[in-house]
Amino acid sequence: MLSQKSFQEHQDGTLYLVPTPIGNLADMTFRSVEVLKEVELILAEDTRNTQKLLNHFEIKTKQLSFHEFSSEKRIPEVIEKLKNGINIAQVSDAGMPSISDPGHDLVMAAIDVDIPVVPLPGASAGITALIASGIDPQPFEFYGFLPRKTKEQKEVLKKISDVNHTLIFYEAPHRLAKTIQNFKETFDDDRKITLARELTKRYEEFVRGTIGEVFEWTQNNEIRGEFVIILEKSGEDLIERNADLELPIRDHVQKIIDEEDIKPNQAIKKVAKLRGMVKQDVYNIFHELG
């Protein structure tokens, strides 16, 4: 067990984890600016990108490149500086460091040698999208980026299809349509989903609907900007749907007609999809044909 009193006097330096704006520079906190000015070194995912932020807030602190391809080599060097009493701040290109960005290994290395790790609160794209999504925010689970290859992505989606948490994903614009198509092929069309893009920027946009509706949106709109995807949890609805699968097919169709006040053909289509059956077969059973 380890205990850390973050602001107790100590001989080592402190590793600060500093959030940066995800699009709007006005979201930078006073404390984040203060810490970045006071530390002796800033670890940056992309020093050119971070320099724009430093210039805006007139921060003169020296930077050191720290990204996924250099972190393994850099960590011993950074730990040595911290052990020598140098205070260091780590930032990512946007948002919270260590979330879908390098940094977790450095945090673990610092904790292992009893160096204080002090996080600052601030901008996070996932949480920002979640609270405005219109989808029940609790409980939630942050997944981040799904695998890029379709086969691997579908395997992951199947594994998490019955997770009883609202799920948060990140996705790049050029992969969004394919990812939503995979959602459509894995989850119920009626499951709620929200896309959030360009968060905190001028062209911030939310697309809220069912998976089926949002899939149509991806087919008919130009897709730009980084996206956060908020997916409604499965749960009681899923449990109830699974219980309905135990009903005779004809009773299942009739139950949906009665509960949702829809036409028989619409209910037949739903039952066919829920059970993985051919619609014509469900139609024949419901109407007692053949």
Side-chain angles (χ1 to χ4, degrees), residues 1-22 27-47 50 53-54 59 61-131 137-146 156 159-160 163-170 228:
M1 188 187 82
L2 296 170
S3 174
Q4 170 187 309
K5 295 186 183 299
S6 296
F7 304 109
Q8 192 175 52
E9 286 192 16
H10 51 85
Q11 297 298 314
D12 296 326
T14 294
L15 175 62
Y16 293 94
L17 305 177
V18 180
T20 54
I22 57 176
D27 292 331
M28 191 73 173
T29 69
F30 291 118
R31 188 180 174 206
S32 291
V33 173
E34 183 180 75
V35 168
L36 292 181
K37 284 182 175 178
E38 290 180 351
V39 296
E40 287 110 309
L41 183 65
I42 296 171
L43 304 180
E45 186 179 4
D46 183 336
T47 54
T50 299
L53 179 77
L54 302 186
I59 298 169
T61 308
K62 181 182 174 183
Q63 294 189 71
L64 181 66
S65 175
F66 187 87
H67 50 70
E68 61 178 319
F69 302 110
S70 69
S71 59
E72 185 175 348
K73 184 178 68 176
R74 289 283 193 206
I75 286 175
E77 177 187 350
V78 172
I79 293 296
E80 185 64 25
K81 291 179 184 296
L82 288 162
K83 294 295 289 181
N84 288 330
I86 296 175
N87 292 317
I88 298 176
Q90 189 204 356
V91 301
S92 63
D93 282 348
M96 301 291 285
S98 292
I99 302 295
S100 292
D101 289 313
H104 178 60
D105 290 343
L106 175 59
V107 170
M108 289 194 300
I111 291 173
D112 282 346
V113 293
D114 204 21
I115 289 171
V117 178
V118 176
L120 275 65
S124 168
I127 299 298
T128 303
L130 175 66
I131 60 175
Q138 291 180 293
F140 73 87
E141 180 175 327
F142 176 79
Y143 190 91
F145 287 98
L146 286 159
V156 169
K159 286 181 182 176
I160 61 178
V163 170
N164 192 22
H165 298 164
T166 294
L167 293 167
I168 303 174
F169 305 93
Y170 290 167
V228 181

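What's counted below: heavy atoms across the whole structure, side chains too, no hydrogens, waters or symmetry copies.
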S.K.: Is there a donor-acceptor contact under 3.5 Å from the side chain of Q4 to the main chain of V117?
M.R.: yes
S.K.: Considering only residues two or more places apart or on different chains, which pairs with a residue in residues 76-88 satisfy salt bridge (charged side-chain N to carboxylate O under 4.0 Å, His left out)?
M.R.: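 Every salt bridge (charged side-chain N to carboxylate O under 4.0 Å, His left out) pair that includes a residue of residues 76-88, provided the two are not neighbours, is D12-K83, R74-E77.
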S.K.: Write down the atom of A94, the atom of P21, and the distance for their closest heavy-atom approach.
M.R.: CB-O, 3.5 Å
S.K.: Do any N or O atoms from the side chain of E141 and from the backbone of H165 form a donor-acceptor pair under 3.5 angstrom?
M.R.: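 Absent.
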S.K.: Could you list the residues that satisfy side-chain contact (heavy atoms from CB on, under 4.5 Å) with E40, not counting sequence neighbours?
M.R.: I86, N87
S.K.: For the pair T61 (side chain) and I42 (backbone), establish whether a donor and an acceptor sit closer than 3.5 Å, ignoring hydrogens and angles.
M.R.: no
S.K.: Under the side-chain contact (heavy atoms from CB on, under 4.5 Å) rule, what do F142 and L130 come out as? Steps first, then yes or no, please.
M.R.: CA-CA 10 Å; F142 176 79; L130 175 66; over 6 Å; no
S.K.: Does T29 have any side chain to side chain donor-acceptor pair (under 3.5 Å) partners at least two apart in sequence or in another chain, and if so, which?
M.R.: S32
S.K.: Mind checking side chain to side chain donor-acceptor pair (under 3.5 Å) for E38 and listing every partner two or more places apart, or none if nothing turns up?
M.R.: none
S.K.: Hey, what do you get for CG (L106) to CD1 (I111), rounding to the nearest 0.5 Å?
M.R.: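 Output value for this atom pair is 9.5 Å.
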S.K.: What residues, two or more places apart in sequence or in another chain, satisfy salt bridge (Lys or Arg N to Asp or Glu O under 4.0 Å) together with D27?
M.R.: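 Applying salt bridge (Lys or Arg N to Asp or Glu O under 4.0 Å) to D27 gives none.
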S.K.: As an exercise, state the distance from CD of E45 to CD of Q63, rounded to the nearest 0.5 Å.
M.R.: 12.0 Å
S.K.: Would you compute the distance between atom OG1 of T50 and atom CZ of F66 and round it to the nearest 0.5 angstrom?
M.R.: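 The CZ atom of F66 is 13.0 Å from OG1 of T50, to the nearest 0.5 Å.
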S.K.: Of all residues at least two apart in sequence or in a different chain, which pass the ring pair (Phe, Tyr, Trp, His ring centres under 6.0 Å) check with F169?
M.R.: Y143, F183
S.K.: Does the side chain of L36 reach to within under 4.5 Å of the side chain of M28, using non-hydrogen atoms?
M.R.: yes
S.K.: Does H104 have any side chain to side chain donor-acceptor pair (under 3.5 Å) partners at least two apart in sequence or in another chain, and if so, which?
M.R.: none
S.K.: In Å, rounded to the nearest 0.5 Å, how long is the span from CG of L146 to CG of L167?
M.R.: 9.5 Å
S.K.: Kindly state each residue pair satisfying salt bridge (charged side-chain N to carboxylate O under 4.0 Å, His left out) with at least one member in residues 102-121, sequence neighbours excluded.
M.R.: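 Every pair satisfying salt bridge (charged side-chain N to carboxylate O under 4.0 Å, His left out) with a residue in residues 102-121: there are none.
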S.K.: Given side chains that start at C-beta, do those of P19 and L120 come closer than 4.5 Å, heavy atoms only?
M.R.: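 Side chain of P19 against side chain of L120, heavy atoms only: contact under 4.5 Å found.
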S.K.: Please identify each residue that fulfils side-chain contact (heavy atoms from CB on, under 4.5 Å) with F7, with sequence neighbours left out.
M.R.: R31, V118
S.K.: For T128, check side-chain contact (heavy atoms from CB on, under 4.5 Å) against everything at least two apart and list the hits.
M.R.: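 side-chain contact (heavy atoms from CB on, under 4.5 Å) check on T128 returns I22, L199.
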S.K.: Tell me the salt bridge (charged side-chain N to carboxylate O under 4.0 Å, His left out) pairs involving residues 117-129, sequence neighbours left out?
M.R.: none
S.K.: Check P116 against G13 and note the closest heavy-atom contact, atom names and distance.
M.R.: CD-O, 3.6 Å
S.K.: Can you list the residues that meet the side-chain contact (heavy atoms from CB on, under 4.5 Å) rule with A109, with sequence neighbours excluded?
M.R.: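 Listed in chain order: I75, I79.
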S.K.: At their closest point, which heavy atom of A110 faces which heavy atom of L15, and how far apart are they?
M.R.: CB-CD2, 4.2 Å
S.K.: Please report the interatomic distance NE2(H67) to CG(D46), rounded to the nearest 0.5 Å.
M.R.: 8.5 Å
